[in-house]
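Notes follow the structure.
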2 protein chains.
Amino acid sequence: MADGPSNTIGGENLLFLTDEQLRKGIEAMFFAYRGFTADPDRILEEHGYGRAHHRALHFINRTYGTTVNNLLLVLGVTKQSLNRVLRTLIEDGLVESRIGKTDRRERNLYLTETGAALERALSEAQRERMRAAYRAAGPQAVAGFRQVLEAMMDDEIRRQYNALRERRS
Amino acid sequence: MADGPSNTIGGENLLFLTDEQLRKGIEAMFFAYRGFTADPDRILEEHGYGRAHHRALHFINRTYGTTVNNLLLVLGVTKQSLNRVLRTLIEDGLVESRIGKTDRRERNLYLTETGAALERALSEAQRERMRAAYRAAGPQAVAGFRQVLEAMMDDEIRRQYNALRERRS
DNA sequence: CTTGGAATGTCAACAAGGCTGACATAAAAT
DNA sequence: ATTTTATGTCAGCCTTGTTGACATTCCAAG
């Protein structure tokens, strides 16, 4: 299985769908993701945090006052796992957790000044690499990049991703 | 910091380099990578393996007869960490380790029939998603996708990636 | 109003898979 | 003969995933 060429259908050139091309894409994704996380990882290590902390900081900053449950949906982990990360961030004074106003079971999450500063440092490092890559590849390549990534997400995730797009930071 | 527009330099439109665009790219990368690993993860779980096993199987299949040291360089983990994974794969009869012919200190690694079968199932699942994404986005988008990913890798990694490109599987 | 269920969040314990350090063995290189 | 290289192994640590048990809060049905 997984071989037949079938490179031309209806006259369109489908060489970009060969197994070989797909394999290159898979490996590019693997190696690029390593680069994508490398710079923040270095900063996180200095503070004794890991990627999980970065993700939490990012989305708390992103959707101001989000609840734990909201965060769980976006991050796709169990609440117990998130809770551990959240607890250390709160203890260290990077995140503030306030009891919900309308529903007192909920906790609304906010970055403190310190938390916001770390978030800025992390995302600036990541943006810097992204910016360099974007600049090197050019606007048309970037458009294609985003198209393929979006098509690669799970349907449910894509909905969340699109829902997130319009908000303010 | 991290704000100034500077969207036009020398008349070229640089709107695609705004912080907002970069943030979207970062989140797209995050969510897409989840989708990228989701299908193999399901298969791996049935067999009691993890992503680490998948990565090992992939590159052993990829570079037939590779050595342990080679694999370490590509995977970017410590030998102790790789060894744990490799040991279980060998014990379970998915990977064969033969003493090197020219240098008897080396171990050349090969997939057994069973190992090759699992590798095919994993990579076929992953290729299937990639194929769908590629098809949805079209050849031009795919070219851009690859360009940006490649620009995002660390220099050293990009060298390895390019070195890997030409070989047979 | 009370009570039972659902939603939300916390604590405890365990597993996978990273890491370092120390050490053993065999083979190659000097 | 000595040193270096390639590999394997043991022990122990950390992060970050998991499940199970439990407390609190809300809400709706009786």
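Side chains are part of it too, since the values below use all heavy atoms of this structure and drop only hydrogens, waters and symmetry mates. What you are looking at is a predicted structure, and each value in this text was computed from that prediction instead of being measured. Residue numbers start from 1 in every chain, and the chains themselves are labelled A, B, ... in the order their sequence lines are given, proteins ahead of strands.
- No side-chain donor from either of B/Y64 and B/N108 sits under 3.5 Å from a side-chain acceptor of the other.
- In this entry the distance linking CG of B/D103 with P of C/dT25 reads 19 Å, nearest Å.
- In this structure, the nucleotide among D/dA21, C/dG21, D/dA6 sitting nearest to the side chain of A/Q80 is D/dA21.
- Residue A/R105 has its side chain nearest to D/dC26 when only C/dC19, C/dT10, D/dC26 are considered.
- When each of D/dT16, C/dG17, C/dA7 is scored by its nearest atom to the side-chain atoms of B/H53, the top-ranked nucleotide is C/dG17.
- Of the N and O atoms on the side chains of A/R51 and A/T37, at least one donor lies less than 3.5 Å from an acceptor on the other residue.
- For B/R104, counting side-chain heavy atoms from C-beta on, the closest listed nucleotide (C/dA28, D/dT9, C/dG9) is C/dA28.
- Looking at heavy-atom distances under 4.0 Å, A/S97 makes no contact with the nucleic acid at all.
- Remark: nothing in residues 39-46 of chain A comes within less than 4.0 Å of DNA chain C through any heavy atom.
- Here the nucleotide nearest the side chain of B/R87, chosen from C/dT8, D/dC10, D/dG17, is D/dC10.
- A donor N or O paired with an acceptor N or O is found under 3.5 Å between the base of C/dG18 and the side-chain atoms of B/R84.
- A residue-by-residue look at B/G76 and A/R107 shows that A/R107 has its nearest nucleotide of DNA chain C further toward the 5' end.
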